[in-house]
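To keep things clear, I will list the structure first and then write my remarks on it.
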Amino acid sequence: MERTALRRRLTWQVGTVTEIRQETATARTIVVDLPDWPGHLAGQHLDVRLTAPDGYRASRSYSIASAWSGQGIELTVEQVPDGEVSPYLVEVLKAGDPLEVRGPVGGWFVWKPEQPGPVQLIGGGSGIVPLMAMLRAHAAEGSTTPVRLLYSVRRPASVIYVDGLKELAASDDVDLTFVYTREAPPGEPRVGRIDADLLQEKAFAPDDELTTYVCGPTPFVEAVADLLVAGGHDPSRIRTERFGPTGGPR
Amino acid sequence: MTADVPTHLDGNAAAGKLREIFAVDLTAAIARCAGCGQTGVFAETRLYVDAPGMVARCASCDQVLLRVVTTPDDTYLDLRGLTYLKVPNA
Ligand SMILES: Cc1cc2nc3c(=O)[nH]c(=O)nc-3n(C[C@H](O)[C@H](O)[C@H](O)COP(=O)(O)OP(=O)(O)OC[C@H]3O[C@@H](n4cnc5c(N)ncnc54)[C@H](O)[C@@H]3O)c2cc1C
Ligand SMILES: [Zn+2]
């Protein structure tokens with residue numbers, strides 16, 4: 001009986017937006033109350049479905065930004081210019097509105113606290129979202145697993161979760177590096193993309209127990225995964241999640 | 001998604017669609033390509049969502065592994081590119 005209850009087909013459920021937080025000029029976090037949410041693992045995503053008055057539907061995937069704490073979930077959406085779904089989520093949706101989702105889904109791009117070995121996180125733009133869920137789960141569990149994050153952004157103003165990240169990086173076990181691709185803050189001389197030298201300097205070296213998670217726009221993920229493999233990392237220890245077809249690091 | 005250039009996501013992005021049909025998560029399953037014999041995690045296949053429906057291709061030989069097409073009444077699943085999918089029992 002229990003088995004049947006757990007293993008049921010995934011269906012859409014309607015939650016209620018309880019809060020919205022602006023993260024940057026183009027990204028915001030949406031807090032959703034979902035009474036039937038079964039909980040999730042850090043790194044999982046869900047699908048959001050919008051239905052127009054004429055019945056036209058569009059669905060897109062969004063990573064879950066929060067670690068599961070027993071209630072509610074958070075999503076962070078970066079607006080894609082001329083997009084169908086993200087402009088609605090970033091500009092129109094407001095607290096009190098219903099939001100239709102199904103999930104959680106995805107059992108591969110996840111970090112479990114009991115997993116052995118260090119964790120290398122590499123995110124570009126909104127690719128920080130599932131990595132933030134992993135950092136939050138790491139903190140919530142009081143995990144001492146060493147974690148390093150490389151976060152590629154266009155400029156300081158594009159950093160999502162700036163305060164939260166700095167707070168998490170205050171832990172001895174978490175090491176945070178921002179990589180600015182267009183414009184760096186005062187005192188930070190380096191502007192440019194993640195390259196072999198930067199990985200050498202800031203990322204964990206290949207290790208049997210290391211798991212690397214790379215997330216962001218498709219070209220970003222591809223470039224970083226190629227650099228890691230060229231740098232001697234075992235491809236089977238690199239997990240990737242591509243967010244979309246275009247864009248490059250932002 | 002309305003991609004202008006043919007490009008891909010990864011098998012992860014099919015998780016919701018597949019969980020609509022299957023009771024277990026297939027993205028973490030091991031898949032064997034019927035074309036080249038390569039085995040790997042389904043989440044690491046190349047996923048094209050700009051085709052009609054959703055198409056997953058083998059990351060090493062590009063053969064179509066799985067195709068899912070949804071019409072208003074039915075969902076078609078074409079799995080002929082896969083020799084097997086290995087799903088943990090737990
Ligand atoms: C597993 C998964 C998790 C994701 N998690 C998140 C998340 O946490 N936060 C988030 O903001 N997005 C996330 N995305 C991306 C998201 O699903 C949408 O693709 C994005 O919001 C754009 O949707 P849209 O309808 O606004 O644009 P569309 O109407 O689909 O596309 C409009 C134009 O933008 C281009 N485009 C589409 N997606 C992107 C993109 N991601 N980057 C740059 N250009 C793009 C298209 O090629 C097209 O030219 C995730 C994607 C996947 C597959
Ligand atoms: Zn193959």
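To find a chain, count down the sequence lines: A is the first, B the second, and so on, and within it residues start at 1.
Ranking B:T27, B:D10, B:D25 against chain A, the residue ahead of the rest is B:D10, based on heavy-atom pairs under 4.5 Å. For the set B:G16, B:G40, B:A28, B:A13, the entry with the most heavy-atom pairs within less than 4.5 Å of chain A is B:G16. Between chain B and the residues A:L46, A:V85, A:D47, A:V105, the most heavy-atom pairs under 4.5 angstrom are made by A:V105.
No side-chain heavy atom of A:V153 sits less than 4.5 Å from a side-chain heavy atom of A:I128.
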Please tabulate, for the side chains in residues 107-114 of chain A, all donor-acceptor contacts under 3.5 angstrom to protein atoms that are two or more places apart in sequence or on a different chain.
{"from": "A:W108", "atom 1": "NE1", "to": "B:E44", "atom 2": "OE2", "distance (Å)": "3.1"}

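A cation-pi arrangement is found for A:R136 relative to A:Y161, the charged atom lying closer than 6.0 Å to the ring centre and inside a 45° cone about the ring normal.
With a threshold of 4.5 angstrom between heavy atoms, B:I21 approaches chain A through N, CA, C or O but not through any side-chain atom. With a 4.5 Å cut-off on non-hydrogen atoms, A:E222 touches chain B through its side chain but not through its backbone.
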Side chain to side chain donor-acceptor pair (under 3.5 Å) between B:K86 and B:T39, intermediate numbers included: CA-CA 10 Å; B:K86 186 173 78 175; B:T39 57; over 6 Å; no

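Counting only distance, with no hydrogens or angles, the side chain of B:R57 and the backbone of B:D62 share a donor-acceptor pair below 3.5 Å.
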